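Below: one structure, written as structure tokens.
Hydrogens, waters and symmetry mates play no part in the numbers below; they use all other heavy atoms, side chains included. Along the sequence shown, residues carry numbers from 1. Everything numeric here is computed off the predicted structure, so don't read it as measured data.
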Amino acid sequence: MGIKIEHLSKRFGDFAALDDISLNVRQGELLALLGPSGSGKTTLLRTIAGLEQADRGAIWFDGEDASRLSVQARRVGFVFQHYALFRHLNVRENIAFGLRVRRGEDRWPKTKIEERVRELLALVQLDGLEARYPAQLSGGQRQRVALARALAIEPRVLLLDEPFGALDARVRRDLRRWLRELHDRTGLTTIFVTHDQEEALELADRVAILHQGRIEQLASPAEAYDQPASPFVYSFVGAVNRLPGQWHDDRLRVAGADLFPPAATKGEGAVELFVRPEDLQLDGDGPGWQATVIWAQRSGPRLRLRARLQETHDELEIELPAHAASPANAEGSSIRLSPTRFRLFPATAGTGL
């Protein structure tokens, strides 16, 4: 099912949770709503589900005005961060709950419900655990039960609100991989909320990055990381260094060094240069800065450095492959840095962080 959102706004008192949001969710895609706390992502998800009512705007489900539909009629599967399982029901009963409470023509016969539960137990890889209660399951297993229960009603869209937020890092990684495989098998239109950029970039087909109730950028994970649309996106998606600069007679001077601007880039006045730690090269041939290493640490396959520029005393973070570690870039060493890729924004623009 495709979802079209038009000029959606929602306020809580003086706070604008959603501010004129428009968004098209494609049939069968996995879309991430990414942003910091208070950016509006959960409010948007709950409004799509019908759990919140917008003050203005419209939501269309395959061309049908969803505002006219009840929560039940929208046929949305919703998965919460803290599972929301019934503690007094076992796995089988939790999964079947949404089907058993149906009334009238929508009610399924018992044999059909049992068959659906068996299918879902296999799909979420919980065969043999159907008689256990939530307290007897791990966090990852509970979240799989919650997903199975959401899928039981054969939803038209699956909505997940921070689905892995309560789990430890190892379980999160495993469940992310599993959820992507599950989505590819079912083809169900899925929207999930997260503040974890790694989670969004790894899982999603596209990422909608929210800030102060607005969508700052809608893009593929690669585009969001490599081509940020604003200083906020640059700062929120991945690590970044910021340096003040100035245009002068079509020349770009940043932190005391003349740099070659990106192709076809011209400007005037004060700017800020944004460069990612992995886009700083040591001892490069291009223009750059002299610096002193003030901190160095091995982090798994990466070597992370912090260096202070000798001319302006600005500090930069550098990320290199671990095998690049040497006495030449140990703490206290003098190094030369040059950016291999960077972006410029007017100095008056802020990240909003």
Side-chain angles (χ1 to χ4, degrees), residues 29-37 39 41-42 45 77-87 90-92 94-95 120-151 158-186 188 190-209 220-222 224-225 236-240 276-278 296-304 317 319-323 325:
E29 85 168 322
L30 182 56
L31 176 74
L33 302 179
L34 175 65
S37 297
S39 61
K41 52 191 187 297
T42 293
L45 199 74
F78 204 108
V79 178
F80 299 90
Q81 176 178 346
H82 294 287
Y83 326 123
L85 299 178
F86 298 108
R87 291 179 293 177
N90 63 27
V91 169
R92 182 192 302 108
N94 263 287
I95 295 173
L120 289 167
L121 284 167
L123 184 66
V124 300
Q125 301 170 7
L126 289 175
D127 290 300
L129 301 181
E130 56 268 24
R132 292 192 184 182
Y133 289 85
Q136 298 171 308
L137 302 174
S138 68
Q141 289 169 337
R142 290 178 203 170
Q143 196 58 287
R144 291 188 188 209
V145 175
L147 278 162
R149 186 177 62 183
L151 293 169
L158 182 63
L159 306 179
L160 304 100
D161 188 9
E162 300 273 10
F164 311 131
L167 305 174
D168 63 45
R170 173 65 183 273
V171 176
R172 287 172 71 112
R173 285 195 299 270
D174 291 343
L175 273 185
R176 285 204 299 261
R177 189 181 314 113
W178 172 80
L179 179 60
R180 181 70 236 193
E181 293 171 355
L182 178 68
H183 174 266
D184 292 342
R185 288 202 301 271
T186 62
L188 192 62
T190 302
I191 306 173
F192 76 98
V193 159
T194 183
H195 66 270
D196 186 326
Q197 55 183 276
E198 179 183 336
E199 193 165 277
L201 298 182
E202 180 181 330
L203 263 178
D205 297 315
R206 289 191 301 163
V207 180
I209 301 161
S220 70
Y225 190 85
F236 188 75
V237 181
V240 69
R276 298 208 183 277
E278 66 269 24
Q297 184 178 61
R298 166 79 181 269
S299 178
R302 311 299 294 172
L303 174 66
R304 303 184 191 280
E317 293 184 2
E319 186 172 297
L320 305 168
H323 61 73

Intermediate values then yes/no, side-chain contact (heavy atoms from CB on, under 4.5 Å), Leu123 and Leu182: CA-CA 8 Å; Leu123 184 66; Leu182 178 68; 3.3 Å; yes

Test log, rule side-chain contact (heavy atoms from CB on, under 4.5 Å), inputs Val207 and Gln197: CA-CA 10 Å; Val207 180; Gln197 55 183 276; over 6 Å; no

Verdict with reasoning, Leu179 to Phe164, per side-chain contact (heavy atoms from CB on, under 4.5 Å): CA-CA 10 Å; Leu179 179 60; Phe164 311 131; 3.7 Å; yes

Worked verdict on Glu162 versus Lys41 for side-chain contact (heavy atoms from CB on, under 4.5 Å): CA-CA 10 Å; Glu162 300 273 10; Lys41 52 191 187 297; 3.9 Å; yes

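Residues Leu31 and Asp205 form no side-chain contact, since every pair of their non-hydrogen atoms from C-beta on lies 4.5 Å or further apart. Residues Gln143 and Trp178 fail the side-chain proximity criterion, which asks for heavy atoms closer than 4.5 Å. With contacts defined as side-chain heavy-atom distances shorter than 4.5 Å, the pair Val79/Leu158 qualifies. Side chains of Ile95 and Arg92 form no contact here, defined as non-hydrogen atoms less than 4.5 Å apart. Two residues are said to be in side-chain contact when any heavy atoms from C-beta on lie closer than 4.5 Å; Leu160 and Leu147 meet this criterion. Val237 has its side chain within reach of Leu34: a pair of non-hydrogen atoms, C-beta onward, lies under 4.5 Å apart.
Between the side chain of Asp161 and the main chain of Val193, no donor-acceptor pair closer than 3.5 Å is present. Under the 3.5 Å distance criterion, the side-chain polar atoms of Arg298 are matched with a main-chain donor or acceptor of Gly300.
Ion pairing of Arg173 with Asp168 is absent here, as no side-chain N (NZ or NE/NH1/NH2) approaches a carboxylate O to less than 4.0 Å.
Distance check, rounded to the nearest 0.5 Å: CZ of Arg302 to OG of Ser299 gives 9.5 Å. To the nearest 0.5 Å, atoms CZ (Arg176) and OG1 (Thr194) are separated by 8.5 Å. Here the straight-line distance linking atom CD of Glu202 with atom CZ of Arg177 works out to 7.5 Å at 0.5 Å rounding. Here CD of Glu319 is found 9.0 Å from CG of Leu303. Values are rounded to the nearest 0.5 Å. Atom CD of residue Glu198 and atom CZ of residue Arg172 lie 8.5 Å apart, to the nearest 0.5 angstrom. Residue Arg144 holds its CZ atom at 13.0 Å from CG of Leu151, rounded to the nearest 0.5 Å.
For Gly140 against Val171, the heavy-atom pair with the smallest separation is CA-CG1, 3.9 Å. Looking at every heavy atom in both residues, Phe78 comes nearest to Leu45 through CZ-CD2, 3.8 Å. Residues Leu85 and Pro134 approach most closely at CB-CG, 4.1 Å, considering heavy atoms. Here the closest heavy-atom approach between residue Ala148 and residue Leu120 is recorded as O-CD1, 3.4 Å. Nearest heavy atom pair, residue Ala122 against residue Asp127, reads CA-OD2, 3.4 Å. Nearest heavy-atom pair, Pro221 versus Ala200, reported as atom, atom and distance to 0.1 Å: CG-O, 4.4 Å.
Residue Thr190 is tested with Leu30, Leu203, Leu159 for a side-chain contact (heavy atoms from CB on, under 4.5 Å); the sole match is Leu30.
No more than 12 heavy-atom neighbours from other residues, nucleotides or ligands sit within 6.0 angstrom of CZ on Arg87.
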